[in-house]
Amino acid sequence: MDVIDLRSDTVSRPSLAMREAIKDSLVGDDVLGDDPTVKLLEAKAAKIVGKQAALFVPSGTMANLIALLTHCGRGDQAIVGSESHILHHEGLGAPALGGINLGIVHNQKNGRMDIDEINYHFDSQKSSSKLMCLENTQNRCGGTVIPQSEITEIADIAHTAGASVHIDGARIFNAAHALETDVASLVQDADTLSFCFSKGLGAPVGSVLTGTEEFINRARSTRRQVGGAMRQSGIIAAAALFALENNVERIGTDHINARRLAEGLAQIPEINVDLNLVQTNMIFISSEKIDVVALQNNLAKHGILVSSTVPNTLRLVTHLDIPEEAIDVVIDRVQKSMEIMIV
Ligand SMILES: *Cc1c(COP(=O)(O)O)cnc(C)c1O
């Protein structure tokens with residue numbers, strides 16, 4: 001039986017068609033400005049998100065790191081959510097390498113940020129906050145979305161204080177799809193946006209940082225400093241380009257599968273799923289009755305892999321290698337595992 005890998009949307013593998021695009025790609029030395037595929041990708045990525053320019057980088061973590069290092073100097077503060085990826089999963093690169101303090105604003109269960117706390121941080125008497133970071137979708141809060149109106153409200157506060165706004169949009173295409181809008185409108189009030197090709201878009205590697213021409217020129221120097229300048233990176237940019245051209249529309253399928261999986265899991269006694277938080281391609285489950293790690297191990301024995309990124313919680317993520325037929329298999333297996341564990 002094939003393994004059903006729901007640990008993350010990062011586990012999907014490049015399709016044959018994507019591998020063909022990689023094989024046929026034109027390449028050059030991108031550090032010398034010679035790689036046509038990288039240039040094309042950067043131009044397309046910038047256009048699709050409504051920014052002037054883009055910079056191709058190896059990972060979302062590096063995109064965020066370069067954003068923070070370019071927006072902030074040593075001793076400056078960047079405001080991030082208490083459940084943000086930047087705070088929990090990026091090795092605290094910005095503080096370690098850039099002397100940047102992370103000021104923390106509480107994320108509610110649905111991912112929303114406390115506006116009073118944001119105001120407090122941007123009161124010019126109190127801090128040298130130079131950057132407001134938002135995350136959309138909000139990974140550790142269930143893959144929840146931040147609507148444009150809220151981005152506008154928060155961006156107004158930051159901009160009034162003379163600070164900039166960065167969106168960690170690792171899954172911004174999932175957010176736009178769920179909000180029934182386009183990415184460019186959704187992020188129009190942000191100065192910079194990063195997003196990943198290696199998540200729901202299904203490429204093997206790569207992310208971009210986008211913003212004004214002037215900002216991206218400076219970010220290019222920062223990328224050099226952190227070792228992210230690459231040579232014939234058209235090889236991987238070709239996969240990212242293929243993803244942008246072919247895998248954006250199909251993201252809705254992952255959301256439909258996630259919703260059906262969540263509703264099925266919600267029917268199982270002693271499994272808790274907050275269906276209001278299932279807005280994109282993630283489902284978080286918990287249980288008062290059992291140790292979720294034991295459930296995780298039991299599922300793994302039966303070829304179903306799930307992750308645990310938040311304590312006492314399992315995370316299941318749909319993606320382009322999870323076919324519709326897998327959903328019932330997973331629901332059925334979780335039900336059987338629970339029956340065994342609860343006796
Ligand atoms: C995955 C992710 C990133 C970047 O991760 P990489 O593994 O470095 O590409 C950044 N932010 C969020 C919210 C993510 O989910």
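For ligands, and for the atoms within them, numbers begin at 1 and follow the listed sequence. Since the structure is predicted, the reported quantities are computational estimates derived from the model, not experimental observations.
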Select one of side chain, backbone, both or neither to describe which atoms of E90 lie under 4.0 Å from any atom of ligand 1, heavy atoms only.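 The answer is the side chain of E90.
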How does N64 reach ligand 1, by side chain, by backbone, by both or by neither, if only non-hydrogen atoms under 4.0 Å count?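 It is the side chain that gets close, since no backbone atom is under 4.0 Å.
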Are any of the N/O atoms in [X] less than 3.5 Å from those in ligand 1?
X	result
T137	no
C196	no
T61	yes

When the ring planes of H85 and H89 are compared, do they come out parallel, tilted or perpendicular, using 30° and 60° as the limits?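 Answer is tilted, since the angle falls between 30° and 60°.
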Parallel, tilted or perpendicular, as decided by the 30° and 60° cut-offs, for the rings of F195 and F173: perpendicular
I'd like to know if R171 contacts ligand 1, where contact means a heavy-atom distance under 4.0 Å to any ligand atom.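 It does, in that a heavy atom of R171 comes within the 4.0 Å cut-off of ligand 1.
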Among L295, I283, T309, V334, exactly one meets side-chain contact (heavy atoms from CB on, under 4.5 Å) together with L314. Which residue is that?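 In the set L295, I283, T309, V334, the residue that makes a side-chain contact (heavy atoms from CB on, under 4.5 Å) with L314 is L295.
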So that I can tick it off, tell me whether E245 and K44 are bridged by a salt bridge, with the cut-off set at under 4.0 angstrom between side-chain N and carboxylate O.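 Salt bridge present between K44 and E245.
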Lys/Arg N to Asp/Glu carboxylate O, D35 vs K39, below 4.0 Å: no
Checking a contact table here: which protein heavy atom is nearest atom 9 (O) of ligand 1, and how many Å away?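 In this structure, atom 9 (O) of ligand 1 has G60 N, 2.8 Å as its nearest protein heavy atom.
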Give the residue, atom name and distance (to 0.1 Å) of the protein heavy atom nearest atom 11 (N) of ligand 1. D168 OD2, 2.6 Å
Between the side chain of S194 and the main-chain N/O of L209, is any donor-acceptor distance below 3.5 Å?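 No, the answer is negative, given that no donor and acceptor are paired below the 3.5 Å cut-off.
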Considering all heavy atoms, the nearest E135-S84 contact: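 What the structure gives for the nearest pair is OE1-CA, 3.3 Å.
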Can you list the ligand 1 atoms lying under 4.0 Å from a non-hydrogen atom of [X]?
X	value
E135	13 (C)
K199	1 (C), 2 (C), 3 (C), 4 (C), 5 (O), 14 (C), 15 (O)
S59	8 (O), 9 (O)

Which is it for Q232 and D30 under the side-chain hydrogen bond (donor to acceptor under 3.5 Å, both in side chains) test, yes or no, and what are the steps along the way? CA-CA 6 Å; Q232 283 76 39; D30 183 55; over 6 Å; no
